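Have a look at the structure below, then the notes.
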Number of protein chains: 2
Amino acid sequence: MSAAESAVETIQREMTIFARRARASAGRMHPELSLVSYTLLGHLEESGGCRSTDLAAHYALDKSTVSRQVAALERAGLIERRLDPEDHRVQVLHLTEAGQEILAQVTHSRRAAFRERLTDWPEEDLVRFAAYLERYNAGPGDASD
Amino acid sequence: MSAAESAVETIQREMTIFARRARASAGRMHPELSLVSYTLLGHLEESGGCRSTDLAAHYALDKSTVSRQVAALERAGLIERRLDPEDHRVQVLHLTEAGQEILAQVTHSRRAAFRERLTDWPEEDLVRFAAYLERYNAGPGDASD
DNA sequence: GGATTCTAGTTGTATAGTACAACTTGAGCC
DNA sequence: GGCTCAAGTTGTACTATACAACTAGAATCC
């Protein structure tokens, strides 16, 4: 097996390990905010408010799934819906203050966990690793982010 | 924000994107073998047979979860149980021939998907990317693989 | 300008994966 | 032989998810 083939093997294996771990630990780390909820809140912050349908399209989730997630986030007081005055079918979702706070907290603690894991890495390696990941994810597959 | 901090941000974001995608697409790619089942079969192959309890410990899953997964895999004819003659509480799990075949197929198609995604990468970058991932996963976190 | 068709979102129903707790069965140890 | 420990199963519940059917509002088309 060539060096390139063996590297592909390794990348596959390690990415799979990472995915499994992320899935297993996501719920335990932040019982108040599942990985999906966190991602949705994050997207709302970045986008400055968007529709349920946009979230579904962006993350390749069914609209019913998003609808229930959104309902839960609203029940928890983390987001609010504003009826679009132009089109009454549309509900534009926004973070509440509480939502912004929780998102900031979770982001902070997630960031801390990553940083700790990467603490010994020279800056040069961090930058290169980040570039590789971006390149990998930006690849020709599903453009889901 | 320093270059290192911004790289950590990027790594966190891109790893999260990857994990979400893997989770979303795993079921669709191989309807006959979920990501968990695939991982369990893979471990059985690597280890050459082990106990249900070992799988649970290794992947930080509850023994009841593994019990049901194993039952499904047995129902599907992909693994078989052999009673440990030394200790009749213990069932040693082994891949059947059918299990080996399916595992090989799924491994092959997963590998093809990865390879396609990485097809334009120079060998040097593949090798470095693989090394970074290994280093990341080998870090001080949970040693779940 | 009313009927038809499209779109946003909700609700009903089903499934997979998971955890926790209670239980069963066999092993090991005074 | 009778406690205690270990391996695994089963009951129950919850979360995330999808698909399909539905509701309500918007847009379009004679």
Side-chain angles (χ1 to χ4, degrees), chain A residues 19-41 44 49-76 79-94 142 144, chain B residues 16 19-41 44 49-76 79-94 144:
Chain A
R20 184 167 40 65
R21 282 188 189 167
R23 180 147 155 280
S25 68
R28 289 181 257 263
M29 266 174 62
H30 306 287
E32 76 281 13
L33 209 55
S34 75
L35 185 57
V36 178
S37 300
Y38 173 74
T39 310
L40 296 184
L41 287 191
L44 283 183
C50 69
R51 301 176 306 165
S52 194
T53 303
D54 298 334
L55 293 175
H58 200 83
Y59 295 114
L61 292 169
D62 192 79
K63 58 187 177 167
S64 67
T65 301
V66 173
S67 174
R68 291 181 224 269
Q69 292 283 341
V70 162
L73 288 172
E74 190 189 24
R75 235 178 289 121
I79 66 176
E80 61 183 15
R81 313 171 188 230
R82 303 185 194 151
L83 260 187
D84 184 338
E86 312 268 295
D87 184 342
H88 278 202
R89 292 170 307 180
V90 171
Q91 303 171 0
V92 183
L93 308 172
H94 293 269
D142 46 18
S144 74
Chain B
T16 305
R20 183 166 42 65
R21 282 188 188 165
R23 179 149 158 280
S25 69
R28 290 181 256 264
M29 267 175 59
H30 306 289
E32 75 282 13
L33 209 56
S34 75
L35 185 56
V36 177
S37 302
Y38 173 74
T39 311
L40 296 184
L41 288 191
L44 284 182
C50 71
R51 302 175 306 164
S52 195
T53 303
D54 298 333
L55 292 175
H58 199 82
Y59 295 114
L61 292 169
D62 191 79
K63 58 186 176 168
S64 66
T65 300
V66 174
S67 172
R68 292 181 224 268
Q69 293 283 340
V70 163
L73 288 172
E74 191 190 24
R75 236 178 288 123
I79 65 176
E80 61 183 15
R81 314 171 188 232
R82 303 187 194 149
L83 261 186
D84 184 339
E86 312 268 294
D87 183 342
H88 278 202
R89 292 171 306 179
V90 171
Q91 304 171 359
V92 184
L93 308 172
H94 293 269
S144 74

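Since the structure is predicted, the reported quantities are computational estimates derived from the model, not experimental observations. We name chains A, B, ... by the order of the sequence lines, and we start the count at 1 in each one.
- At the phosphate of C:dT10, OP1 or OP2 sits under 4.0 Å from a side-chain N or O atom of A:Q91.
- For C:dG9, neither phosphate oxygen OP1 nor OP2 lies less than 4.0 angstrom from any side-chain nitrogen or oxygen of A:S67.
- Distance, B:D54 CG to D:dA7 C1': 11 Å, rounded to whole Å.
- Between B:L93 and B:E74, every side-chain heavy-atom pair lies at or beyond the 4.5 Å cut-off.
- Without hydrogens or angle criteria, B:D54 side chain to B:R51 main chain gives a donor-acceptor distance under 3.5 Å.
- Rounded to whole Å, atom P of C:dT10 lies 12 Å from atom CG of A:L73.
- Counting to the nearest Å, the C1' atom of D:dA26 and the CG atom of A:D87 are 6 Å from each other.
- Between D:dA18 and A:T65, a contact under 4.0 Å exists linking OP1 or OP2 to a side-chain N or O.
- Regarding B:L61, its CG atom lies at a distance of 14 Å from the C1' atom of C:dC20, rounded to whole Å.
- A straight line from CG of A:L55 to P of C:dA8 spans 13 Å, rounded to a whole angstrom.
- For the pair B:L55/B:L61, no side-chain contact is recorded, criterion being any heavy-atom separation below 4.5 Å from C-beta on.
- In this structure, A:Q69 reaches the D:dT17 phosphate: one of its side-chain N or O atoms is under 4.0 Å from OP1 or OP2.
- Between A:S64 and A:R89, the one whose closest nucleotide on DNA chain C sits nearer the 5' end is A:R89.
- Distance, A:L83 CG to C:dT7 P: 20 Å, rounded to whole Å.
- Map B:K63 and A:S52 each onto its nearest nucleotide of DNA chain C; the residue landing nearer the 5' end is A:S52.
- Residue B:T53 is classed as a sugar-phosphate contact, given heavy-atom separations below 4.0 Å to backbone atoms only.
- Base engagement by A:D62 is indicated by at least one non-hydrogen atom pair under 4.0 Å involving a base atom.
- Of the residues near DNA chain D, A:R68 and A:E86, the one whose nearest nucleotide (by heavy atom distance) lies more toward the 5' end is A:R68.
- If you measure from atom CD of B:E74 to atom P of D:dT9, you get 9 Å, rounded to the nearest angstrom.
- Rounded to an integer number of Å, the gap from CG of A:L40 to P of C:dG9 is 13 Å.
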**OP:** Evaluate the criterion side-chain contact (heavy atoms from CB on, under 4.5 Å) for residue pair A:Q91 and A:L83; output intermediate values, then yes/no.
**Re:** CA-CA 5 Å; A:Q91 303 171 0; A:L83 260 187; 4.2 Å; yes
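- For B:D84 against B:H88, the heavy-atom pair with the smallest separation is O-CD2, 3.4 Å.
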